[in-house]
S.K.: 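Below is the structure I would like to discuss, written out as structure tokens.
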Amino acid sequence: MSAQVPGRGSVRVTALLASRAARTHRKAWAAVFAALALTSLLLGSFVLALTSTALGHPRVERYAAADLVVAGDQETRFTAKPWGGDPETARAGLTERVRVERGALDVVRKVPGVRAAVPDDVFQVGRAGQALTGRPWDAARLAPYALRDGRAPKRAGEVVMGGGARSGERVTLRVAGVDAAYTVVGVADGPRAAVYFEAARARRLAGHPGSLDAIGVIAASGVGTDELYGRVRHALDAAGVHSVGKRADGDSAKARVLTGDGRGGPEFLGVAPARAGVLELLASVAGTVVLVSLLVVSSTVVQALRQRAPEIGLLRAVGATPRQLRGAIGREVGRVAARAALVGAVAALPAYAGLRALLAACGALPPGLVLPFPPWLWPAPLVTAGLTVLIARAAAWLACARAAKLRPAEALREAPPGTARRVTGLVLLALGAGSAGAAVLQSGQTAAMAAGAAAMTMVVGCAVLGPWIAMGAMRVLGAPMRRFGGPGGRLAAANCAAAAPRLGAALTPIILVTAFAAVQLSGGATLTHAGGAQARDAMRADLAVRADGGLPDGAVERIRRVPGVRAATDVVRGTVVLARREAGEPRVDRLPVLGLTPQGLPRTLDPGVRDGSLSGLRPGTVAVGADRARSLGARPGSTVTLRFGDGAEAKLRVVATYERALALGDFLLSRDELLRHTSTPGAGRILVAAGPGADRAAVAEALAAAVPGARVTPDPAPLHVEPEDQALVEVVTVAAVSAIGAFTVIAVLSTLSLITIGRRPELRLLRLAGAGRRQLRRMLRLEAGATAVTGLAVGAAVASVPLLAFSVAMARTVPYLPPVQGLVIVAVVAVTTAAGTLPPARAALRGRYPGSGPAGG
């Protein structure tokens with residue numbers, strides 16, 4: 001072979017080298033194939049999930065027969081100018097209903113081409129411990145839901161049930177805490193949990209006579225939806241119809257006109273905010289997958305080519321040019337990558353289906369969210385397959401860059417790692433530690449992002465410093481291996497010390513899987529564990545009183561007068577939106593909060609007040625968690641601007657700061673004020689503290705008698721406020737850790753297998769020198785143990801730095817990892833390390849004499 005072969009001849013030489021090498025090194029490329037196939041599978045499935053979520057929309061049920069739906073604006077916006085940039089707008093969906101003025105109904109009815117404009121109001125109804133949904137009967141035509149039996153309600157005391165009742169039956173229904181008897185005059189199609197009232201009665205029960213939840217618009221014959229939309233939009237704008245409620249400056253309050261899939265928005269209010277959260281979460285996980293895949297694929301390709309360093313040096317020695325070597329290796333990797341990427345792309349379809357099924361089974365997706373999966377989306381994994389091939393080609397180019405440039409004589413020996421590599425690794429570790437330090441000074445999402453960036457940066461730094469980490473580990477582990485391991489231990493210690501670069505390559509994927517799994521699993525577990533502890537410490541109540549359909553007015557005062565009751569606190573749940581700048585960028589966060597009555601609060605629920613007093617908690621005031629108060633610069637007497645769940649903005653005076661915000665949320669508000677901005681309050685809950693020496697059973701009976709229809713629960717569960725997407729985050733985190741854990745396990749297995757296969761001549765030589773099979777097996781076991789222990793220790797150290805910063809910033813506690821999950825990580829690393837070291841060495845240890853068994857390549 002000549003180094004001067006030009007043009008077409010050079011291409012033929014490159015192709016010949018690639019084809020011969022691919023056949024000769026099938027086992028080495030099998031590991032690369034597995035890593036690339038899994039890369040393509042993960043990337044393809046996440047692209048499918050992202051695209052399907054981006055196309056997602058609320059299911060259209062209640063307004064399926066309406067051509068248009070007029071509703072309030074369910075989105076709040078915050079515009080700010082970042083440092084040195086143009087103004088940007090952050091958005092957040094609102095989970096409490098934003099209503100429209102009732103006058104909009106007359107405006108819409110007068111629009112030419114409108115055959116019918118039907119008002120709709122939705123409110124909570126309780127029946128014998130069952131939560132139902134109340135609506136006016138006229139709105140049933142918007143689905144449409146037809147009568148199966150009976151007739152429509154005509155008087156205030158008549159209802160139509162969606163199921164579970166019979167015509168002529170008398171039922172007791174509770175609305176806003178008031179029980180009333182009704183006659184069932186009909187049974188309708190549709191949801192079993194629906195109750196339809198006569199229109200005037202429904203308007204009174206809804207409790208907001210000046211506004212409507214939505215207006216369903218039915219077009220006249222021959223009028224298109226687009227044409228009618230333009231007419232209705234123009235009429236509403238001309239009449240100045242707005243959403244109900246005072247919105248923040250710059251936050252649009254125009255009534256919205258919805259068509260197509262958007263008609264489901266007023267029915268399933270939680271879909272739009274949840275969809276945005278799913279997109280953000282999946283994009284973050286997909287970015288992590290790309291980073292991990294780059295690191296793992298590069299490590300695997302480098303190790304596959306490192307086993308061929310003598311071969312590459314020999315080719316250089318006989319005249320192969322650097323260009324020919326790069327071309328041959330590029331073609332070789334390209335062939336493997338193309339096949340692997342295609343296999344992964346095909347497998348991405350069932351993997352995505354499995355992810356969707358898992359989310360649905362765990363209840364992690366909000367009710368009403370539709371995730372389309374049209375046929376044109378099916379080939380999307382082919383795009384990520386192309387990205388996988390590019391990743392492989394880039395890794396191969398980097399791996400062979402040095403060997404291809406060396407002189408032939410230098411290519412035959414492996415150079416030790418240089419100073420530049422050491423400096424780079426130390427710089428990366430310093431950057432990771434700095435990012436972890438920044439997380440301590442931040443809160444919320446910023447702290448989580450800083451901790452995640454610190455972990456990934458430090459993992460890459462450890463990969464660069466692998467040889468030095470291995471040498472340091474051998475200084476620590478070498479002595480006990482020599483002392484207690486016998487001849488096999490001395491051999492293991494000598495081999496590990498002499499082959500630090502080889503051991504460093506094996507450590508990288510172990511450090512990666514340990515650090516990544518620990519950070520991802522421990523981050524959420526720490527917050528949940530600390531929040532649960534705070535919730536248990538905060539709960540002081542002995543009993544809880546609740547009722548579907550709400551508790552009657554004055555229930556708290558009535559309960560306080562019951563003999564044996566020491567204190568009673570009414571608690572309601574809700575949401576607020578916090579608009580602020582974070583790192584110069586506008587940001588809006590939707591946060592769960594509690595509304596409380598302050599009388600006797602420390603005896604029923606103790607938030608751990610740090611400054612101020614909760615006795616002054618009333619409309620116009622707020623208590624703030626200590627960490628949130630620090631980030632906002634708030635203290636008793638200052639003001640905080642919040643937006644409620646319906647978009648209304650208020651400036652609230654801070655009356656106290658408290659410690660147990662992980663359990664009770666970042667803000668505590670007055671119950672009465674929060675209820676004003678809650679469209680459909682859930683079942684009311686009153687926490688009751690019994691007096692000293694009181695008979696709790698007798699107190700419970702007295703409470704049930706004082707509030708008819710209520711349920712009394714002894715020893716109520718701790719009150720723990722969790723984010724709306726908690727279940728989604730947990731499921732996606734476990735799925736991502738499992739997938740990427742499997743990915744890195746393949747990397748560990750393949751890297752160690754390639755190393756062991758490359759050591760077969762060395763093992764045969766040791767046998768020729770007199771080492772027994774038992775000694776060599778013990779040597780390999782000790783080497784595998786040293787590798788696993790070092791990888792776990794360094795991975796745990798890498799994870800502990802950002803985790804400690806995150807835990808201190810978010811929970812003021814040390815990191816927590818459930819013991820079972822920790823044992824799983826250790827077991828997976830131990831089993832994988834053993835599987836990658838011992839089975840590939842069997843070929844060299846077979847037979848009484850070296851070479852008597854089948855040779856391995």
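As a basis for the values below, the full set of heavy atoms in this structure was taken, side chains included, without hydrogen atoms, waters or symmetry mates. The first residue of the sequence shown is numbered 1, and numbering continues consecutively from there. The structure presented is a predicted model; accordingly, all values stated were derived computationally and were not measured.
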S.K.: Using salt bridge (Lys or Arg N to Asp or Glu O under 4.0 Å) as the criterion, list what pairs up with R618, not counting sequence neighbours.
M.R.: none

S.K.: Which residues satisfy the side chain to side chain contact (heavy atoms under 4.5 Å, CB included) test with D537, sequence neighbours excluded?
M.R.: R660

S.K.: For a side-chain contact (heavy atoms from CB on, under 4.5 Å) check, start with the C-alpha distance between L719 and L594, then their side-chain angles and the critical distance, and finish with the verdict.
M.R.: CA-CA 10 Å; L719 201 59; L594 296 177; 3.6 Å; yes

S.K.: Holding to side-chain hydrogen bond (donor to acceptor under 3.5 Å, both in side chains), I want the full list of residues that pass it with R610, two or more places apart in sequence or in another chain.
M.R.: E659

S.K.: Under 3.5 Å, side-chain donor or acceptor atoms of residues 803-811 against the rest of the protein: list the pairs with distances, not counting sequence neighbours.
M.R.:
{"residue": "S807", "atom": "OG", "partner": "L803", "partner atom": "O", "Å": "2.8"}

S.K.: Output all residues satisfying side-chain hydrogen bond (donor to acceptor under 3.5 Å, both in side chains) with H677, sequence neighbours left out; order by chain, then residue number.
M.R.: D646

S.K.: side-chain hydrogen bond (donor to acceptor under 3.5 Å, both in side chains) with R275: which residues, sequence neighbours excluded?
M.R.: none

S.K.: Could I get the full list of side chain to side chain contact (heavy atoms under 4.5 Å, CB included) partners for V789, not counting sequence neighbours?
M.R.: none

S.K.: The criterion is salt bridge (Lys or Arg N to Asp or Glu O under 4.0 Å); which residues satisfy it with R603, sequence neighbours excluded?
M.R.: none

S.K.: With sequence neighbours left out, write down each residue that passes salt bridge (Lys or Arg N to Asp or Glu O under 4.0 Å) with R653, or none if nothing qualifies.
M.R.: none

S.K.: Check side chain to side chain contact (heavy atoms under 4.5 Å, CB included) between P592 and all other residues, then give those that pass, not counting sequence neighbours.
M.R.: V721

S.K.: Kindly write out the residues that satisfy salt bridge (Lys or Arg N to Asp or Glu O under 4.0 Å) with E75, not counting sequence neighbours, or none if the list is empty.
M.R.: R77, R91

S.K.: Using the side chain to side chain contact (heavy atoms under 4.5 Å, CB included) criterion, which residues pair with V609? Sequence neighbours excluded.
M.R.: L614, A656

